[in-house]
Student: 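Can you keep this structure in mind? I'll have questions shortly.
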Amino acid sequence: MTYCVGLWLRDGLVMLADTRTNAGVDNISTFSKMYTATAPGERMLCLMAAGNLAITQAVWNHLGEGVMLEDGRHTLFSVPTMFRAAQLVGAAIRAVYATDGPTLKAQGVGFDVSIMLGGQIAGGPVRLYLVYAAGNFIEATPDTPFLQIGEHKYGKPILDRALRHESSLEDGVKLTLVSMDSTLRSNLTVGMPLDLLVYEAGTQLIRTQRRITEEEPYFRELRESWSEALREAYRSMPGPDWA
């Protein structure tokens with residue numbers, strides 16, 4: 001299982017992914033689920049993947065070699081807009097399905113993949129998409145400025161309550177880490193370390209890219225502070241007068 005979350009904010013993007021993959025309780029491994037394609041000053045694209053690891057790696061390799069669109073073969077470095085980049089990811093997923101889908105079906109294995117794509121190409125806006133296994137996609141909006149893939153239910157409430165499109169990048173980092181901590185505590189199939197990327201709009205440069213481990217002082221402090229804040233909020237709430 002996986003948990004990846006991306007925030008589409010006025011000032012840029014915050015993207016966070018866990019690294020645990022498993023094929024049963026006795027076969028747990030660590031793989032990065034975050035991929036980047038950058039040309040400093042020209043484009044910055046970040047992808048995060050959930051689902052069958054073999055499928056997601058095949059999609060990434062297709063994107064590197066080039067995928068056919070109606071106007072020719074493209075990579076993430078040649079598409080002119082983020083919308084076209086999302087179409088390219090969808091086309092890569094469909095290409096992998098055309099090759100591997102029938103064999104997977106014959107083996108009783110579902111075609112399980114979803115990919116989050118965020119970034120900016122010079123001359124266009126920052127955008128954040130979620131591409132499904134069919135190759136179609138949705139986009140984050142000011143009303144819903146975050147997208148999630150994988151085991152999302154535990155980390156969603158804090159984002160629903162606290163996140164706004166106008167939130168700062170620093171607040172976005174805190175909220176994504178709290179969202180991930182909630183998921184880590186409730187689902188053992190999501191695990192450390194974490195991959196974090198922060199992008200500031202208009203730069204076409206990665207502002208921060210960091211591997212966060214169990215020993216990361218800030219993350220440990222944040223987890224403890226959040227737990228204590230929840231306990232204090234609970235203690236300060238009035239009890240029901242009918243109890």
Side-chain angles (χ1 to χ4, degrees), residues 2-17 32-50 56 59-60 63-64 67 69 74-93 114-132 135-150 152 155-156 158-160 162-180 194-210 212:
T2 294
Y3 180 48
C4 302
V5 55
L7 310 186
W8 179 66
L9 306 176
R10 179 186 58 196
D11 296 332
L13 296 168
V14 178
M15 304 183 76
L16 181 69
S32 178
K33 302 166 188 176
M34 179 179 287
Y35 307 86
T36 59
T38 61
E42 197 272 326
R43 67 185 61 212
M44 195 298 297
L45 291 86
C46 177
L47 290 80
M48 299 189 295
T56 61
V59 170
W60 177 247
L63 291 169
V67 180
L69 296 177
H74 285 280
T75 71
L76 292 174
F77 291 96
S78 66
V79 286
T81 66
M82 287 300 301
F83 178 75
R84 294 290 280 168
Q87 289 184 317
L88 188 73
V89 173
I93 292 174
S114 53
I115 294 179
M116 196 181 303
L117 166 69
Q120 185 175 27
I121 296 173
V126 178
R127 303 181 83 166
L128 179 66
Y129 297 97
L130 173 54
V131 188
Y132 297 107
N136 57 328
F137 51 87
I138 62 171
E139 182 177 6
T141 69
D143 291 329
T144 307
F146 67 91
L147 296 173
Q148 302 167 285
I149 53 177
H152 57 81
K156 189 173 185 291
I158 180 63
L159 300 176
D160 284 334
L163 183 70
R164 300 293 180 268
H165 179 60
E166 295 75 23
S167 299
S168 69
L169 291 174
E170 289 74 14
D171 284 345
V173 170
K174 287 190 290 186
L175 287 169
T176 55
L177 290 174
V178 169
S179 176
M180 180 65 75
L194 311 175
D195 287 327
L196 172 71
L197 182 142
V198 181
Y199 171 71
E200 185 173 353
T203 63
Q204 286 80 51
L205 294 169
I206 297 173
R207 171 170 159 177
T208 301
Q209 189 168 13
R210 187 177 184 88
I212 298 174

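The figures here come from the full heavy-atom set of this structure, side chains too, leaving out hydrogens, waters and symmetry mates.
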Student: Does a side-chain heavy-atom distance below 4.5 Å link Met116 with Val131?
Tutor: no
Student: As an exercise, state the distance from CD of Glu42 to CG of Leu205, rounded to the nearest 0.5 Å.
Tutor: 11.5 Å
Student: Does Leu128 form a side-chain contact (heavy atoms from CB on, under 4.5 Å) with Leu117? I'd like the steps, not just the answer.
Tutor: CA-CA 6 Å; Leu128 179 66; Leu117 166 69; over 6 Å; no
Student: Side chains of Tyr132 and Ile138: closer than 4.5 Å at any heavy-atom pair?
Tutor: yes
Student: State which residues pass salt bridge (Lys or Arg N to Asp or Glu O under 4.0 Å) with Arg84; sequence neighbours excluded, sorted by chain then number.
Tutor: Glu70, Asp71
Student: Taking Leu76's backbone N and O only, do any of them form a donor-acceptor pair with Arg43's side chain (distance below 3.5 Å, no angle check)?
Tutor: yes
Student: Report yes or no: does Thr176 contribute a side-chain atom to a donor-acceptor pair with the main-chain N or O of Val173 at less than 3.5 Å?
Tutor: yes
Student: Starting at OG of Ser179, measure out to OH of Tyr3 and round the result to the nearest 0.5 Å.
Tutor: 2.5 Å
Student: Could you tell me whether the side chain of Val59 reaches within less than 4.5 Å of the side chain of Ile115, counting heavy atoms only?
Tutor: yes
Student: Thr2: what forms a side chain to side chain donor-acceptor pair (under 3.5 Å) with it, not counting sequence neighbours?
Tutor: Lys33
Student: Taking only residues two or more places apart in sequence, or in another chain, which ones meet Asp160 in a side chain to side chain donor-acceptor pair (under 3.5 Å)?
Tutor: Lys156
Student: When you look at NE2 of His165, are more than 12 heavy atoms from neighbouring residues, nucleotides or ligands closer to it than 6.0 Å?
Tutor: yes
Student: Which residue pairs pass the salt bridge (charged side-chain N to carboxylate O under 4.0 Å, His left out) test with at least one member in residues 166-177, sequence neighbours excluded?
Tutor: Glu170-Arg207, Asp171-Lys174
Student: Do Leu159 and Gln148 make a side-chain contact, defined as non-hydrogen atoms from C-beta onward lying under 4.5 Å apart?
Tutor: yes
Student: Kindly indicate whether the side chain of Gln204, heavy atoms from C-beta on, has any atom under 4.5 Å from the side chain of Tyr199.
Tutor: yes
Student: Of all heavy-atom pairs between Ile149 and Ala49, which one has the smallest distance, and what is that distance?
Tutor: CD1-C, 3.9 Å
Student: May I ask you to test the Leu7-Met15 pair for a side-chain heavy-atom distance under 4.5 Å?
Tutor: no
Student: Ala201: which residues meet the side chain to side chain contact (heavy atoms under 4.5 Å, CB included) condition with it, sequence neighbours left out?
Tutor: Gln120, Val126
Student: Minimum heavy-atom separation for Val67 to Ala91, with atom names?
Tutor: CG1-CB, 3.6 Å
Student: Could you measure the distance from the CZ atom of Phe77 to the CD1 atom of Ile121? Nearest 0.5 Å is fine.
Tutor: 10.5 Å
Student: Listed by chain and number, what are the side chain to side chain contact (heavy atoms under 4.5 Å, CB included) partners of Thr36, not counting sequence neighbours?
Tutor: Thr38, Cys46, Leu197, Ile206, Gln209
Student: Please enumerate all residues that pass salt bridge (Lys or Arg N to Asp or Glu O under 4.0 Å) together with Asp11, with sequence neighbours excluded.
Tutor: none
Student: Of all the heavy-atom pairs spanning Cys4 and Ala17, show the shortest one and how long it is.
Tutor: SG-CB, 3.5 Å
Student: Are Leu163 and Leu9 close enough that some pair of their side-chain heavy atoms sits under 4.5 Å apart?
Tutor: yes
Student: Quick one: ring-ring contact (aromatic ring centres under 6.0 Å, His included) partners of Tyr129, sequence neighbours excluded?
Tutor: Phe137
Student: Applying side-chain contact (heavy atoms from CB on, under 4.5 Å), run through Asp195 and Ile212 and close with a yes or a no.
Tutor: CA-CA 6 Å; Asp195 287 327; Ile212 298 174; over 6 Å; no
Student: Please name the pair of heavy atoms, one in Ser167 and one in Ala162, separated by the smallest distance, quoted to 0.1 Å.
Tutor: OG-O, 4.2 Å
Student: Going by the rule salt bridge (Lys or Arg N to Asp or Glu O under 4.0 Å), which residues pair with Glu139 if we only count those two or more places apart in sequence or in a different chain?
Tutor: Arg127
Student: Determine whether Val14 and Leu196 satisfy the following criterion, side-chain contact (heavy atoms from CB on, under 4.5 Å), listing intermediate values before the conclusion.
Tutor: CA-CA 7 Å; Val14 178; Leu196 172 71; 4.0 Å; yes
Student: Write down the atom of Leu45, the atom of Ala85, and the distance for their closest heavy-atom approach.
Tutor: CD2-CB, 3.8 Å
Student: Kindly compute the distance separating CG (Leu169) from CG (Leu13), expressed to the nearest 0.5 Å.
Tutor: 8.5 Å
Student: If you take all heavy atoms of Gly64 and Thr75, which pair is closest and at what distance?
Tutor: O-CG2, 3.9 Å
Student: Just to verify, what does Thr56 make a side chain to side chain donor-acceptor pair (under 3.5 Å) with, not counting sequence neighbours?
Tutor: none
Student: My understanding is that only residues two or more places apart in sequence, or in another chain, count here; which of them pass side chain to side chain donor-acceptor pair (under 3.5 Å) with Ser78?
Tutor: His74
Student: Can you find a heavy atom in the side chain of Pro142 that is under 4.5 Å from one in the side chain of Trp8?
Tutor: yes
